[in-house]
Protein chains: 2
Amino acid sequence: MSKKYKSDAMAAIHEMMEDLHVGGVIDKQTMRRFDDACLTPIRPLKPEEIKAIREREHVSQAVFANYLNVTSSLVSKWERGEKRPSGASLKLLSLVEKNGLATVA
Amino acid sequence: MSKKYKSDAMAAIHEMMEDLHVGGVIDKQTMRRFDDACLTPIRPLKPEEIKAIREREHVSQAVFANYLNVTSSLVSKWERGEKRPSGASLKLLSLVEKNGLATVA
DNA sequence: CCATTCTATAGCACTAGGTGACATAGTTCA
DNA sequence: TGAACTATGTCACCTAGTGCTATAGAATGG
């Protein structure tokens with residue numbers, strides 16, 4: 001049992017699906033939908049929601065920013081609605097919202 | 001035992017540190033260093049490294065992009081060195097590199 | 001064998017997200 | 001009182017990221 005259990009499991013599942021696909025059991029369309037299906041849904045977060053997420057974790061804007069690898073001024077702008085988080089930023093925030101700050105540590 | 005174990009644990013640890021701080025055992029400097037200390041170090045990733053990370057997970061650029069909530073063209077640019085991932089993107093990639101794709105699903 | 005789909009690369013125009021630095025003000029605390 | 005932490009604010013800058021479209025090779029399927 002390695003430490004990369006989740007990663008290996010992911011690879012294993014994908015390989016199994018790949019085998020099913022090669023075997024003609026499923027097509028690539030389904031294969032792709034399978035990949036998309038197991039993702040956490042991303043919805044645009046309101047400024048208050050972002051602030052709520054941060055305060056739920058009991059951290060300052062500066063510390064929160066460090067976790068996300070962004071500047072603290074940007075976090076401030078998110079929470080005031082001056083800027084809205086985009087692709088990767090929104091994904092990270094969604095992860096924190098669902099699973100907590102520790103999962104992105 | 002709730003599902004938010006990690007998050008609660010994080011909050012608990014922070015509250016404990018906060019108590020220590022209030023009690024005068026540690027100062028805010030140390031408090032801040034504590035927060036920074038438990039983060040996965042972020043280093044700039046080379047194009048080949050990004051491609052290696054993706055191929056290790058056995059997914060196409062399109063699927064990989066979906067996981068990170070970015071466009072597939074951007075992933076292509078990352079791997080060819082046309083664009084370099086920044087703050088939140090770099091954090092996400094680092095997470096995938098360390099813990100696997102499943103942890104950001 | 002041909003048609004289709006997936007794949008990755010490529011180019012281009014646009015825009016807004018993110019950076020950095022610095023100033024301000026309220027607060028907590030030695 | 002002074003020092004450090006907090007959040008907000010502003011300003012200028014710029015590049016990361018988007019969206020669309022086109023291309024070409026490889027893999028697949030009928």
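Every chain is numbered from 1 and lettered A, B, ... according to where its sequence line falls, protein lines coming before strand lines.
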Exercise. Which dot-bracket string describes DNA chain C (Watson-Crick N1-N3 plus N6-O4 or O6-N4, or G-U N1-O2 and O6-N3, all under 3.5 Å; [ ] crossing; | other strand)?
Worked result: ||||||.|||||||||||||||||.|||||

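- With rounding to whole Å, E55(A) atom CD is found 13 Å from dT6(D) atom P.
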For this session: Could you please spell out the steps behind the side-chain contact (heavy atoms from CB on, under 4.5 Å) verdict for L68(A) and L93(A)?
Result: CA-CA 8 Å; L68(A) 305 185; L93(A) 288 170; 3.7 Å; yes

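- Using a distance-only test at 3.5 Å, with no hydrogens or angles considered, a donor-acceptor pair links the side chain of K91(A) to the main chain of V104(B).
- The side chain of R80(A) contributes no N or O atom lying less than 4.0 Å from OP1 or OP2 of dA7(D).
- Side-chain N/O atoms of R54(A) include none lying less than 4.0 angstrom from OP1 or OP2 on dT6(D).
- For the side chain to side chain contact (heavy atoms under 4.5 Å, CB included) test, no residue two or more places apart in sequence or in another chain qualifies with R84(A).
- Judged by distance alone, with hydrogens and angles left aside, the side-chain atoms of R54(A) form a donor-acceptor pair with the main-chain N or O of V59(A) at under 3.5 Å.
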Exercise. Going 5' to 3' along nucleotides 15-20 of chain D, which nucleotides have protein heavy atoms under 4.0 Å from the base (write B), which only from the sugar-phosphate (write S), and which from neither (write -)?
Worked result: -BBBB-

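- Taking atom CD1 of I50(A) as the reference point, atom C1' of dG17(C) lies 12 Å away to the nearest angstrom.
- Only one option out of N99(A), I53(A), I42(A) pairs with S94(A) in a side-chain contact (heavy atoms from CB on, under 4.5 Å); it is I42(A).
- R56(A) CZ to K51(A) NZ: the interatomic distance, rounded to the nearest 0.5 Å, is 15.5 Å.
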For this session: For L45(B) and W78(B), run side-chain contact (heavy atoms from CB on, under 4.5 Å): C-alpha distance rounded to whole Å, both residues' side-chain angles, the deciding distance at 0.1 Å, then the answer.
Result: CA-CA 9 Å; L45(B) 294 175; W78(B) 283 345; over 6 Å; no

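- Listed for the R80(B) side chain is a donor-acceptor partner under 3.5 Å among the backbone atoms of S76(B).
- Atom-to-atom, CD of E79(A) to P of dG9(D) comes out at 12 Å; the value is rounded to the nearest Å.
- Within the 4.0 Å cut-off from OP1 or OP2 of dC6(C), not a single side-chain nitrogen or oxygen of Q61(B) is found.
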